[in-house]
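Report on one structure; see the data block that follows.
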Amino acid sequence: MDMEMGSQHFGHQHPVVFKDVLNDQTKEAICLRCGEMVFGSSFSCMECEFYLHKKCAEAPSKIDHPFHRNHPLALLPEPSYKRCFCNFCGKTCEKSVYHCSCKLDFHIKCALFSLNMAEKKLEELKHITIKVPLLFTEDDNKELEKLDCFMCWEPLLESMYFSLDCGFNLHKKCVELPHEIKYPFHKRHPLILQFNVDHFSCKICLQKPSGKGFVYSCSPCRFTVHIKCAEFPPILNLPCHRNHPLFLHVKSEGRSCHACRENPSFMTCEETQQNKFYRCSSCTFGLHLECALPPLTIKEKIHKHPFSLFWRQVSFICDACGLEGKLCDRQVEIEYGSYSCFNCKFVVHVKCALEKKGWYKEVDPKDIDRKLAIVPKMSTNPIDSVIEKNDDGEMTKIKHFSHEHNLILSNNLIEEHCDGASLMDKYCDGCVLPISNPFYYCSECDFLLHKSCAKSPKQEQLWFHICQRFLILRMGCIFRCDLCQSESNGFSYMCKKCDVHYCLYCATRNYRIKHQAHRHRLFFDRNHKGRCSACNVSVRGLFKCKSCDAFNLHVDCLRLPLTAWHKCDEHRLALTYEEVNKYSEYQFCDICEEKRDSRKWFYHCATCDISAHSYCALGRYPFIKPGSIYNELKDHPHPLTFVRKIFSGPRCHKCFQPCRDLVLECADSSCDYVVHWDCVKPAYLRSEKTARPKTETGEIVEDTSEGSSCIIL
């Protein structure tokens with residue numbers, strides 16, 4: 001319907017026409033008042049490009065806004081100063097604005113929308129979807145994590161929010177806030193929900209006003225509190241102090257917090273140097289606001305399950321900092337709380353869990369079961385069927401999803417497969433470490449699998465992988481582990497989104513380990529700088545001993561197998577942690593005949609008194625299984641077999657140099673084709689070692705040993 005509005009020019013020199021829909025427009029129509037594209041009902045000029053949204057055209061010249069009761073908001077054709085930002089959405093104002101001399105400016109749509117909110121006329125939101133924040137979804141939007149609610153200016157994902165289709169970033173709970181509240185620290189008058197005029201600091205946190213969002217305020221008394229600060233209850237009954245209630249006080253009276261043991265430091269106001277404090281009126285017990293009211297549930301990137309706040313009545317070892325009975329550096333008494341995982345034995349101090357914002361996400365407890373229970377999309381059981389069991393219920397014959405034949409359990413490698421020295425080079429097809437009891441074997445081929453490797457689930461979450469999606473167990477491909485940087489053709493866990501692989505050994509490693517080289521447990525500390533006890537390289541990011549502070553391991557050395565086989569000796573070589581013979585003339589490698597560094601681990605045969613550098617004993621590619629088939633070489637017609645050449649062999653068909661270390665030999669006995677693995681491996685494996693962007697990354701601090709390097713998670 002077209003209707004000429006000759007009497008209403010809206011400040012324009014020509015008559016304007018009202019249209020329900022723009023159906024004859026060939027160019028983009030931009031509203032002259034808000035600067036946005038015109039759709040639907042609008043006013044336009046037939047003689048020039050003048051357009052107004054119906055709402056913008058009918059916007060009143062003044063608004064008596066319930067969220068700003070001191071003065072009316074006046075509609076101006078343009079901002080009164082060059083750099084103008086909307087006090088509701090925070091975006092730049094370039095066209096018409098509602099303005100108050102209190103330094104308040106609003107886009108027309110922001111002023112009208114907030115007016116409808118104040119008057120509880122929320123038709124615009126009735127059909128808008130309410131989103132429940134999910135920690136990890138397939139369409140995870142990193143940009144969404146950066147958005148703040150326009151009312152409280154806290155992260156949008158902290159609580160249920162209206163879909164961004166409404167055009168505004170709003171928490172559901174903020175839209176439903178009452179206009180007035182009675183506040184225990186200001187009993188004289190009620191506090192009114194108002195625009196955050198850039199005048200007064202919050203009386204609770206003492207933060208300076210930002211001029212954005214809303215606050216509860218008493219204008220005559222100049223008393224203001226943030227929306228979030230107003231939610232702090234005046235009285236608390238906590239499990240950590242059951243004897244008496246805790247009262248919120250304006251002053252801490254110099255008490256230290258019983259949770260973090262620090263003096264009040266929530267504010268930086270030099271006039272008081274004190275913050276609001278929950279304290280007991282009957283004893284000396286007191287807590288910071290942030291310590292008294294930590295989030296009930298959080299999700300940390302270092303662990304796959306949500307953490308629930310647990311007021312635990314015993315001392316414990318913190319899985320984040322690794323200290324027993326300390327809050328990282330002070331005594332923890334039994335009444336203090338912690339975060340713990342209900343699904344496994346993972347416990348973290350409140351302070352450790354909340355140390356950095358990027359390490360956790362806050363979770364609404366009622367959403368854990370319904371929304372946050374992350375489940376894989378398929379069965380994770382790697383065992384397709386159990387064919388036989390023994391009297392103890394142990395699976396003695398199984399069908400594993402990774403292999404075409406049935407697998408049989410063995411607890412005695414020597415008796416059932418004995419052939420003398422030929423046993424030495426048997427390797428697990430999963431972790432590619434030397435086979436050891438118990439293990440599954442195939443009676444029809446050379447497939448072997450440690451019992452522990454056979455149980456590896458088909459999908460798994462890894463504590464060190466940042467995106468925290470379920471990773472898929474892969475086999476039958478050659479990859480570079482994104483942690484230890486080793487090339488391997490064993491099992492790997494792959495993240496499709498990040499395009500990374502982790503070898504089975506690294507994937508199953510915990511943040512807390514016990515190593516045969518040291519008597520105490522080791523804990524991973526991403527910030528610890530020290531010298532690796534195995535290779536003598538100084539790095540940041542180590543598994544460290546916090547009991548004696550004298551032992552460190554980085555991930556590359558943690559990967560060293562406990563035994564190795566080499567043709568220089570008929571026995572297996574054992575990983576050795578200190579020199580057997582202190583005389584320097586004996587500290588040589590019996591393989592390369594070069595001197596060894598006495599500070600580094602090495603492989604040794606006690607029977608034959610043979611010693612070797614770790615890299616000489618293992619070779620450059622210790623985790624590519626000898627005897628396995630490679631079919632990816634396009635310029636040779638036959639399958640190729642991986643072989644380790646200890647001594648120089650025939651010349652490589654690519655570089656024409658004698659073949660040594662890992663080579664590919666033609667599986668066809670009538671063909672003499674042989675080639676170095678280095679000469680033909682695919683391009684994606686040729687890049688040098690790099691830092692790990694998909695994990696918690698580290699760096700080389702110092703390298704004082706020749707030829708050594710390391711990059712740590």
Side-chain angles (χ1 to χ4, degrees), residues 303-305 341-346 373-417 423 426-465 468-479 481 483 488-496 500-510 513 559 561-562 623-629:
H303 191 64
K304 59 187 176 183
H305 305 130
C341 176
F342 291 139
N343 295 339
C344 57
K345 297 176 181 178
F346 193 93
I374 307 169
V375 294
K377 294 182 177 179
M378 56 185 246
S379 170
T380 62
N381 190 355
I383 299 173
D384 290 339
S385 60
V386 179
I387 301 171
E388 293 178 6
K389 288 185 179 182
N390 59 20
D391 294 339
D392 296 327
E394 191 175 30
M395 297 179 293
T396 55
K397 192 173 185 179
I398 61 171
K399 178 68 176 69
H400 198 271
F401 87 104
S402 66
H403 192 62
E404 58 184 333
H405 307 132
N406 296 333
L407 302 180
I408 302 168
L409 181 66
S410 172
N411 287 300
N412 195 321
L413 178 66
I414 301 298
E415 289 183 3
E416 296 189 22
H417 300 274
L423 291 173
K426 297 295 183 183
Y427 296 88
C428 172
D429 281 84
C431 64
V432 203
L433 291 175
I435 200 67
S436 57
N437 297 323
F439 66 98
Y440 286 98
Y441 70 94
C442 178
S443 60
E444 300 182 45
C445 63
D446 197 33
F447 188 86
L448 300 167
L449 207 57
H450 286 124
K451 184 181 179 182
S452 57
C453 295
K455 294 179 179 180
S456 301
K458 290 195 285 187
Q459 291 192 53
E460 183 67 294
Q461 285 180 300
L462 305 181
W463 65 272
F464 52 81
H465 187 63
Q468 279 295 291
R469 284 169 168 77
F470 272 91
L471 277 67
I472 300 171
L473 187 62
R474 294 282 304 274
M475 68 289 302
C477 66
I478 297 182
F479 62 92
C481 174
L483 274 186
S488 175
N489 62 351
F491 290 4
S492 72
Y493 279 101
M494 178 190 182
C495 177
K496 290 184 177 180
V500 295
H501 291 260
Y502 301 108
C503 68
L504 199 59
Y505 182 87
C506 289
T508 54
R509 187 191 68 246
N510 210 331
I513 63 168
R559 182 76 164 92
L562 299 179
F623 306 114
I624 293 181
K625 183 178 179 179
S628 55
I629 303 297

Exercise for the section: Give the C-alpha distance, both sets of side-chain angles, the deciding distance and a yes or no for ring-ring contact (aromatic ring centres under 6.0 Å, His included) between His465 and Tyr502. Expected result: CA-CA 10 Å; His465 187 63; Tyr502 301 108; 5.4 Å; yes
### Message
The test is side chain to side chain contact (heavy atoms under 4.5 Å, CB included); show your working for Leu433 and Arg559 and say whether it passes.
### Response
CA-CA 10 Å; Leu433 291 175; Arg559 182 76 164 92; 3.9 Å; yes
### Task
Check the pair Leu448 / Tyr427 against side chain to side chain contact (heavy atoms under 4.5 Å, CB included), numbers first and verdict last.
CA-CA 7 Å; Leu448 300 167; Tyr427 296 88; over 6 Å; no
* Verdict with reasoning, Leu504 to Ser492, per side chain to side chain contact (heavy atoms under 4.5 Å, CB included) -> CA-CA 5 Å; Leu504 199 59; Ser492 72; over 6 Å; no
Under the side chain to side chain contact (heavy atoms under 4.5 Å, CB included) rule, what do Ile624 and Val432 come out as? Steps first, then yes or no, please. CA-CA 7 Å; Ile624 293 181; Val432 203; 6.0 Å; no
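Taking CZ of Phe491 as the reference point, atom SG of Cys453 lies at 7.5 Å (rounded to 0.5 Å). Here the SG atom belonging to Cys503 is positioned 6.0 Å from the CZ atom belonging to Phe479, to the nearest 0.5 angstrom. In this structure, the separation between CD1 on Ile472 and SG on Cys495 is 9.0 Å, given to the nearest 0.5 Å. Taken to the nearest 0.5 Å, the NE2 atom of His501 stands 13.0 Å off from the CG atom of Leu483. Here the straight-line distance linking atom CD of Glu388 with atom CD1 of Ile408 works out to 8.0 Å at 0.5 Å rounding. In this structure, Arg509 CZ and Leu462 CG are separated by 10.0 Å, a value rounded to the nearest 0.5 Å.
Between Met395 and the choices Ile383, Ile387, Leu409, the side chain to side chain contact (heavy atoms under 4.5 Å, CB included) rule is met once, by Ile383.
In this structure, His403 contributes its side chain and Phe447 its backbone to no donor-acceptor pair below 3.5 Å. At distances below 3.5 Å, not a single donor-acceptor pair connects side-chain atoms of Asn510 with backbone N or O atoms of Ile513. Side chain of Asn411 to main chain of Asn437: no donor-acceptor pair is present (N/O by atom type, distance under 3.5 Å, no hydrogens or angles). Remark: the backbone N or O of Phe623 is paired with a side-chain donor or acceptor of Ser488 at under 3.5 angstrom.
Contact check on Glu404 versus Lys399 returns no salt bridge, with no Lys/Arg side-chain nitrogen under 4.0 Å from an Asp/Glu carboxylate oxygen.
Of all heavy-atom pairs between Ala507 and Tyr493, the closest is CB-CD1, 3.5 Å. Of all heavy-atom pairs between Pro382 and Ser456, the closest is CG-O, 3.2 Å. When all heavy atoms are compared, the tightest approach of Ser402 to His400 is OG-ND1, 2.7 Å. Of all the heavy atoms in Leu449 and Gly430, the pair that sits closest is CD1-N, 3.5 Å. Here the shortest heavy-atom pairing between Asp446 and Lys625 reads O-NZ, 3.5 Å.
For the pair Glu444 and Cys442, the minimum side-chain heavy-atom distance is below 4.5 Å. With a 4.5 Å cut-off on side-chain heavy atoms, Pro434 and Lys426 do not count as touching.
Taking the ring centre of Phe401 as origin, the terminal cationic atom of Lys458 falls inside the region bounded by 6.0 Å and 45° from the ring axis.
With hydrogens and angles left out, the side-chain atoms of Asn489 and Ser628 include a donor and acceptor closer than 3.5 Å.
Ring centroid separation for the pair Phe439 and His450 does not come in under the 6.0 Å cut-off.
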